[in-house]
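This chain uses plain numbering: 1 for the first residue, then up along the sequence.
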Amino acid sequence: MARPGSCPCGLPQSYDACCGRYHAGPVAAPTAEALMRSRYSAFVKGDSGYLVRTWHPGTRPGRLELDAGMRWTGLEILATQDGTAFHSKGVVEFRASYRGGSLHEVSRFERVDGAWVYVDGEFPGE
């Protein structure tokens, strides 16, 4: 669970200094992991516009409605593969906890026009 005053993504910086700067734009997440963290924070904050903007155009849904009753409680990055400034693709495995359970996903990311975007994900063990 994020400490009081820290970013919802679990890093110790404030939201504004961490994921908030990506949500506000024009700064883009520099790595696939940073994008994953910022997308988690967007779910916490209810920022569906950011989620749609950072979704790959080939897999992006036409619209996205978030469950206002969902309470996300923490993010754990389990593994990363590639996804740095030197790559065009990356994978981030994570566990996102919410009140009553957790979501385990292996997410794929790609660069589109130089910016990282979420492509899709798989749920291991399901």
Side-chain angles (χ1 to χ4, degrees):
M1 181 179 275
R3 295 186 308 258
S6 65
C7 189
C9 80
L11 294 178
Q13 298 97 325
S14 70
Y15 167 74
D16 289 340
C18 193
C19 294
R21 63 192 169 133
Y22 306 134
H23 294 174
V27 178
T31 65
E33 180 181 336
L35 181 64
M36 174 58 242
R37 287 180 177 279
S38 71
R39 286 177 57 82
Y40 171 82
S41 291
F43 275 103
V44 171
K45 298 284 190 178
D47 188 346
S48 60
Y50 180 78
L51 293 166
V52 170
R53 283 193 313 276
T54 58
W55 210 309
H56 192 284
T59 58
R60 178 185 303 144
R63 49 184 260 170
L64 179 64
E65 292 186 30
L66 301 178
D67 180 352
M70 178 65 90
R71 296 293 175 251
W72 296 98
T73 59
L75 176 66
E76 179 184 6
I77 302 298
L78 303 173
T80 60
Q81 178 183 340
D82 299 335
T84 71
F86 302 105
H87 301 106
S88 59
K89 295 182 179 186
V91 176
V92 179
E93 181 178 1
F94 68 93
R95 180 173 292 110
S97 299
Y98 55 87
R99 192 175 298 147
S102 66
L103 169 77
H104 180 195
E105 182 174 324
V106 177
S107 297
R108 292 185 321 125
F109 297 87
E110 291 182 6
R111 284 187 186 269
V112 172
D113 297 328
W116 286 106
V117 293
Y118 170 79
V119 177
D120 59 19
E122 295 179 356
F123 305 101
E126 290 186 8

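The shortest distance between side-chain heavy atoms of Val106 and Val91 falls below 4.5 Å. Side-chain atoms of Lys89 and Asp82, non-hydrogen and from C-beta on, never get closer than 4.5 Å to each other. Side-chain atoms of Ser38 and Thr54, non-hydrogen and from C-beta on, never get closer than 4.5 Å to each other. Side-chain contact between Cys18 and Cys9 is present, with heavy atoms from C-beta onward closer than 4.5 Å. Proximity of Ser14 to Ser6: side-chain heavy atoms (C-beta onward) are nowhere separated by under 4.5 Å. Here the side chains of Thr59 and Tyr118 are not in contact, with every heavy-atom distance at 4.5 Å or above.
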Next item on the list: Give the C-alpha distance, both sets of side-chain angles, the deciding distance and a yes or no for side chain to side chain contact (heavy atoms under 4.5 Å, CB included) between Ser102 and Arg95.
Entry: CA-CA 7 Å; Ser102 66; Arg95 180 173 292 110; 3.8 Å; yes

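Contact detail for Gly90 and Ala32: the closest heavy-atom pair is CA-CB, 4.5 Å. Of all heavy-atom pairs spanning Trp55 and Val117, the tightest one is C-CB, 4.1 Å. Considering every non-hydrogen atom in both Glu33 and Thr80, the closest pair reads OE1-CG2, 3.6 Å. Residues Leu103 and Phe123 come closest through the heavy atom pair CD1-CE2, 3.3 Å.
Cluster annotation: Val119 is not connected to Val52 through the hydrophobic network of ILVMFWY side chains, with a link wherever side-chain heavy atoms come within less than 4.5 Å. One hydrophobic cluster, built from ILVMFWY side chains closer than 4.5 Å, holds both Ile77 and Tyr98.
A distance of 6.0 Å or more separates the ring centres of His104 and Phe94. In this structure, Phe109 has its ring center at least 6.0 angstrom away from the ring center of Trp116.
For the atom pair Arg60 CZ and Arg53 CZ, the distance stands at 10.5 Å (nearest 0.5 Å). The distance from the CG atom of Leu75 to the CZ atom of Phe43 is 11.5 Å, given to the nearest 0.5 Å. To the nearest 0.5 Å, the span separating CZ on Arg39 from OG on Ser107 amounts to 8.0 Å. The CG atom of Leu66 sits 8.5 Å away from atom CG of Asp47, with the distance rounded to the nearest 0.5 Å.
Between the side chain of Tyr40 and the backbone N or O of Gly74, at least one donor-acceptor pair lies under 3.5 Å. The backbone N or O of Arg111 sits nowhere less than 3.5 Å from a side-chain atom of Ser88 that would complete a donor-acceptor pair.
Among Arg37, Gln81, Glu105, Met36, the one residue that satisfies the side-chain contact (heavy atoms from CB on, under 4.5 Å) test with Val92 is Met36.
In this model, a donor atom of one side chain and an acceptor atom of the other lie less than 3.5 Å apart for His87 and Thr84.
Few gaps surround CD on Glu76; more than 12 heavy atoms of other groups in view lie less than 6.0 Å from it. With a 6.0 Å radius and a threshold of 12 heavy atoms from other residues, nucleotides or ligands, Asp113 has its CG atom at or below the threshold.
Residues passing the side chain to side chain contact (heavy atoms under 4.5 Å, CB included) test with Ala24: none are found, sequence neighbours excluded.
Trp72 does not carry Arg99 over the face of its six-membered ring by the limits of under 6.0 Å from the centre and within 45° of the normal. A cation-pi arrangement, defined by a distance under 6.0 Å to the six-membered ring centre and an angle within 45 degrees of its axis, is absent between Lys45 and Tyr50.
Salt bridge Asp120/Arg108: present, at least one basic N to carboxylate O contact under 4.0 Å.
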